[in-house]
Amino acid sequence: VRQGSFVFAGGSFTNVEGRDDNRYLVKIDAGTGLIETFFSLDNTVNDILLNGNDLIVGGIFNNLQYFKTSLAAFDIGNVVPELTFGDVNSTVDQILPDGNGGFYVCGAFNTYNSESITQIFKVQADGSLDPNFDVGSVNSTVSAAHLDGDDLYIGGSFSSIQGEDVNRLARLDATTGAIDLTWVPGTTEAGIETIETTPTKVLVGGTFTTIAGSTNSPRFAVLSKSDASLIGAPSVTSTVLDMEKYGDDILVGGAFTST
């Protein structure tokens with residue numbers, strides 16, 4: 001992400017330009033490309049969100065110096081994490097802005113600030129947990145989320161939400177977290193890694209080979225936004241990890257070598 005004249009990047013790297021003091025998280029001068037002094041972590045960063053003056057970082061790190069596990073916030077310009085910002089007890093896969101100064105956090109955790117919360121929660125603009133958003137029990141990892149108006153699409157390796165059989169992909173009310181049982185395409189195995197939408201379609205990528213009862217769109221599929229039926233997509237040879245809108249196009253990236 002970029003903030004002013006600086007770019008912040010995260011990942012699984014342990015060395016940048018021969019320097020081993022910028023592990024997993026780095027701050028780069030966008031004009032010169034020079035590395036700036038910032039905070040190093042002890043394991044992978046999966047996602048970064050610039051939220052106002054805060055840099056929110058999620059991953060699988062456990063930096064004991066400041067007792068921050070998998071989720072941390074930094075005030076821009078400060079190399080020390082905000083100690084009052086909440087903690088989770090395991091992996092954060094994605095941090096998604098809600099458009100109003102707050103954000104969603106999803107992953108493989110089951111607590112936030114020692115409160116029982118499984119796999120996904122929402123933080124309000126003031127930094128507090130949103131009490132109105134309650135997805136309830138999710139039985140496994142939520143690895144992807146995408147906000148589309150009043151709808152929040154989530155994907156991962158779960159097979160149950162709120163006691164309902166929902167395999168790997170679901171649509172929630174973005175305000176309350178209630179599941180929409182009129183939109184349940186389902187996958188029979190493997191998981192969802194990324195989600196995008198258009199006005200009429202939902203695009204999903206991951207490791208699945210069956211979706212909406214069909215094997216015709218392995219690892220990348222286009223679904224109807226109205227009824228979750230499979231519209232189709234070119235099959236790809238291996239995992240789809242990410243998608244981004246670029247004008248009228250959708251850019252798709254992953255481990256595949258052909259479509």
Side-chain angles (χ1 to χ4, degrees), residues 1 46-54 56-58 70-71 73 84-88 91-186 191-204 223-228 243-245:
V1 297
N46 289 329
D47 202 9
I48 301 174
L49 171 68
L50 183 63
N51 194 53
N53 290 322
D54 286 330
I56 315 298
V57 180
S70 299
L71 184 65
T84 58
F85 191 75
D87 289 299
V88 295
T91 304
V92 169
D93 285 313
Q94 187 175 358
I95 308 167
L96 177 71
D98 70 354
N100 295 304
F103 52 90
Y104 302 89
V105 179
C106 62
F109 48 82
N110 54 41
T111 67
Y112 173 70
N113 273 357
S114 300
E115 181 177 343
S116 177
I117 293 179
T118 55
Q119 329 304 351
I120 185 169
F121 61 89
K122 183 170 179 273
V123 175
Q124 300 181 107
D126 63 2
S128 64
L129 188 67
D130 188 343
N132 297 313
F133 183 82
D134 183 8
V135 181
S137 175
V138 184
N139 72 339
S140 192
T141 303
V142 176
S143 52
H146 179 79
L147 185 62
D148 184 272
D150 295 329
D151 295 322
L152 180 69
Y153 292 88
I154 64 170
S157 58
F158 55 84
S159 59
S160 173
I161 300 178
Q162 300 170 4
E164 300 286 349
D165 292 334
V166 181
N167 286 325
R168 280 83 182 184
L169 184 61
R171 184 165 68 189
L172 309 178
D173 184 292
T175 301
T176 67
I179 188 171
D180 181 356
L181 292 176
T182 69
W183 197 90
V184 185
I192 304 294
E193 299 292 338
T194 182
I195 304 169
E196 267 290 351
T197 59
T198 72
T200 61
K201 301 171 184 176
V202 179
L203 294 82
V204 296
L223 305 171
S224 167
K225 189 181 285 186
S226 61
D227 63 6
M243 290 186 287
E244 295 291 338
K245 286 183 178 178

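Computed from heavy atoms alone, side chains included, the values below leave out hydrogens, waters and symmetry copies.
Side chain of T118 to main chain of G136: a donor-acceptor pair is present (N/O by atom type, distance under 3.5 Å, no hydrogens or angles). A distance-only check finds no donor-acceptor pair linking the side chain of D173 to the backbone of D180 [under 3.5 Å]. Looking at K245, its side chain does come within 3.5 Å of a backbone N or O of T197 through a donor-acceptor pair. A donor-acceptor pair under 3.5 Å is formed between the side chain of T194 and the backbone N or O of M243. Of the possible donor and acceptor atoms, one in the side chain of N139 sits under 3.5 Å from a partner among the backbone N and O of S159. Listed for the Q162 side chain is a donor-acceptor partner under 3.5 Å among the backbone atoms of V135.
No option in N46, I48, V57, L71 other than L71 meets the side chain to side chain contact (heavy atoms under 4.5 Å, CB included) test with I95. For the salt bridge (charged side-chain N to carboxylate O under 4.0 Å, His left out) with D148, the qualifying choice from K225, K201, R171 is K225, the only one to do so.
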Checklist entry - When you look at L169 and W183, which way does the side-chain contact (heavy atoms from CB on, under 4.5 Å) test go after all the steps? => result CA-CA 9 Å; L169 184 61; W183 197 90; 3.9 Å; yes
Next on the checklist: Could you walk me through whether L152 and I120 satisfy the side-chain contact (heavy atoms from CB on, under 4.5 Å) test, starting with their C-alpha distance in whole Å, then the side-chain angles of each, then the deciding distance to 0.1 Å, before giving a yes or no?
Outcome noted: CA-CA 11 Å; L152 180 69; I120 185 169; 4.0 Å; yes
Checklist entry - Taking it one step at a time, do F121 and V88 satisfy side-chain contact (heavy atoms from CB on, under 4.5 Å)? => result CA-CA 11 Å; F121 61 89; V88 295; 3.7 Å; yes
Item to check | Residue pair V123, I56: steps toward the side-chain contact (heavy atoms from CB on, under 4.5 Å) verdict | outcome: CA-CA 11 Å; V123 175; I56 315 298; over 6 Å; no
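Side-chain contact check for N132 and T175: no donor-acceptor pair (N or O, by modelled atom type) lies under 3.5 Å. Residues S224 and S226 have side chains that bring a donor and an acceptor to within less than 3.5 angstrom of each other.
Between the CG atom in D98 and the CZ atom in F133 there is a gap of 10.0 Å [rounded to 0.5 Å]. Note that CD1 of I195 and CD of Q94 are 8.0 Å apart. Values are rounded to the nearest 0.5 Å. Here the straight-line distance linking atom CD1 of I179 with atom OG of S160 works out to 8.5 Å at 0.5 Å rounding. Residue L129 holds its CG atom at 5.5 Å from CD of E115, rounded to the nearest 0.5 Å. The line from OG of S157 to CD of E193 is 8.5 Å long, rounded to the nearest 0.5 Å. Atom OH of residue Y153 and atom CD1 of residue I192 lie 13.5 Å apart, to the nearest 0.5 angstrom.
Put simply, the side chain of T198 reaches to within 4.5 Å of the side chain of L203, judged on heavy atoms. Side-chain contact between C106 and L96: absent, with no pair of heavy atoms (C-beta onward) separated by less than 4.5 Å. Proximity of P131 to Q124: side-chain heavy atoms (C-beta onward) are separated by under 4.5 Å at one or more points.
The two atoms that bring P97 and L49 nearest to each other are CD-CD1, 3.7 Å, heavy atoms only. The two residues T141 and A108 make their nearest non-hydrogen contact at OG1-CB, 3.5 Å. Looking at every heavy atom in both residues, L147 comes nearest to A174 through CD1-CB, 3.6 Å. In terms of heavy atoms, N51 sits closest to G102 at OD1-O, 4.2 Å. Between V142 and Q119 the shortest heavy-atom distance is CG2-CB, 3.7 Å.
The environment of CG in D150 is sparse: at most 12 heavy-atom neighbours from other residues, nucleotides or ligands sit within 6.0 Å. Around atom CG of D227, more than 12 heavy atoms belonging to other residues, nucleotides or ligands sit under 6.0 Å away. In the displayed structure, N113 atom CG is contacted under 6.0 Å by more than 12 heavy atoms of other residues, nucleotides or ligands.
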